[in-house]
Amino acid sequence: MNSDNKRVAICPGSFDPITLGHLNIIRRTAQIFDEVIVAVMLNATKTSPMFSIEERVDMVRRATMRYSNVRVDTSDILLAEYAREIPNSVIVKGLRAASDFDYEFQMNLINKKINPQLETMFLTASEKYTFLSSSVVREMAMYGADLTGLVPSELIAEIEEKAKQWRKN
Ligand code: ADP
């Protein structure tokens, strides 16, 4: 335990961009833990990201502003190493489907090898967001589809604008 016995959850991801599925997990985690750190991982995206790290952080900040115990950070190191620096922390992730489970199980084993103290906990995705991912949002945006109900409403205009720029290139 750290000095003030605060229980800290780290919610990691690429958030390219943040979706209502992510936000649902962050909100539920914030109800359970004293503090939530949303860690925007620099190297998490395999392909070139749609949004820069600064844009992703800014969008996550605005989307989580109403939660007083949530803060946003970035990391360009391995998650297991990042978590080591934060006393009394656990990783919290969302689980959508069996495919998520296989990947997460493997990641958890690797993280445990690097940092044996580190625990990872999972919240099951809300039924209405089971099929929602950042890649679905990027694809929908590229086709000019309506993003209502997929991403925080205050971010829709800029995601649409970014997709418009990408279509031009
Ligand atoms: P994505 O898979 O959407 O590209 P990230 O890599 O940023 O997103 O994912 C970060 C975390 O958020 C992962 O633990 C992932 O399982 C979780 N997550 C992503 N989308 C959802 C969703 N719709 N419901 C629940 N959890 C989700």
Side-chain angles (χ1 to χ4, degrees), residues 8-33 35-64 67 70-83 86 89-112 114-115 118-143 145-153 155-156 158-159 162-163 166:
V8 182
I10 302 170
C11 290
S14 39
F15 304 102
D16 185 36
I18 186 168
T19 70
L20 289 182
H22 292 131
L23 203 54
N24 178 267
I25 296 294
I26 294 166
R27 179 185 57 75
R28 288 160 59 198
T29 305
Q31 284 170 350
I32 301 168
F33 285 83
E35 185 182 1
V36 178
I37 301 173
V38 182
V40 183
M41 308 302 286
L42 198 57
N43 298 322
T45 20
K46 288 163 213 101
T47 51
S48 62
M50 186 173 200
F51 293 91
S52 70
I53 188 83
E54 292 80 13
E55 289 170 327
R56 285 184 270 149
V57 166
D58 181 61
M59 287 193 286
V60 175
R61 272 213 178 104
R62 280 151 53 210
T64 59
Y67 308 122
V70 174
R71 69 179 172 92
V72 187
D73 193 13
T74 56
S75 171
D76 59 0
I77 58 172
L78 275 173
L79 182 58
E81 303 285 6
Y82 176 81
I86 298 162
S89 63
V90 301
I91 309 286
V92 177
K93 304 197 82 176
L95 262 192
R96 282 163 292 192
S99 52
D100 269 355
F101 177 83
D102 289 343
Y103 172 76
E104 295 297 348
F105 202 87
Q106 199 179 3
M107 284 307 296
N108 187 44
L109 291 179
I110 296 166
N111 285 340
K112 277 269 186 203
I114 302 166
N115 180 353
L118 181 62
E119 296 294 354
T120 303
M121 298 172 71
F122 297 96
L123 295 182
T124 49
S126 156
E127 199 185 349
K128 55 184 175 175
Y129 301 132
T130 304
F131 298 101
L132 184 54
S133 67
S134 295
S135 57
V136 163
V137 168
R138 292 196 299 272
E139 181 137 353
M140 300 273 281
M142 291 304 273
Y143 285 104
D146 184 7
L147 301 181
T148 307
L150 303 182
V151 297
S153 53
L155 304 180
I156 290 178
E158 68 194 83
I159 296 171
K162 177 69 90 177
W166 269 56

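Order of appearance sets the numbers: ligands from 1, and atoms from 1 within every ligand. Here the structure is a predicted model, which is why all the values come from computation and not from measurement.
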Worksheet item: Hey, what do you get for CD (E81) to CG (D76), rounding to the nearest 0.5 Å?
Response: 12.0 Å
Item to complete: Run through V72, I26, V151 and flag the one making a side chain to side chain contact (heavy atoms under 4.5 Å, CB included) with I18.
Response: I26
Item to complete: For ligand 1, indicate whether the residue P12 contacts it via side chain, backbone, both or neither (heavy-atom separation under 4.0 Å).
Response: backbone
Fill in: Residue D100 vicinity, atoms of ligand 1 by number, heavy atom under 4.0 Å
16 (O)
Response to the item:
Near G13 (heavy-atom distance under 4.0 Å), the atoms of ligand 1 are 7 (O), 10 (C)
Worksheet entry | N or O contact, H22 vs ligand 1, cut-off under 3.5 Å | yes
Discussion item. With a cutoff of 4.0 Å, is S14 in contact with ligand 1, counting heavy atoms of the residue only?
Written reply: yes
Practice prompt. Considering non-hydrogen atoms only, spot the tightest contact between S14 and V40 and give its length.
Written response: O-CG1, 3.9 Å
Response to the item:
L132 heavy atoms within 4.0 Å reach ligand 1 at atoms 20 (N), 21 (C), 22 (C), 23 (N)
Worksheet item: Of S134, S126, A125, which has the heavy atom at the shortest distance from atom 4 (O) of ligand 1?
Response: S134
Worksheet item: In this structure, which one of L95, T120, L109 forms a side chain to side chain contact (heavy atoms under 4.5 Å, CB included) with E104?
Response: L95
Worksheet item: Within the distance-only criterion (no hydrogens, no angle test), does the side chain of S75 pair as donor or acceptor with the backbone N or O of A39 below 3.5 angstrom?
Response: no
Item to complete: Taking all heavy atoms of V36 and all of C11, pick out the closest pair and write down the distance.
Response: CG1-SG, 3.9 Å
Worksheet item: Is there at least one pair of N or O atoms, one from F15 and one from ligand 1, spaced under 3.5 Å apart?
Response: yes
Discussion item. How long is the straight-line distance from OG1 of T74 back to CE of M41, given to the nearest 0.5 Å?
Written reply: 9.5 Å
Discussion item. If the cut-off is 4.0 Å to any non-hydrogen atom of S133, which atoms of ligand 1 fall inside it?
Written reply: 3 (O)
Discussion item. Going by the closest heavy atom to atom 20 (N) of ligand 1, which one wins out of K93, R96, R56?
Written reply: R96
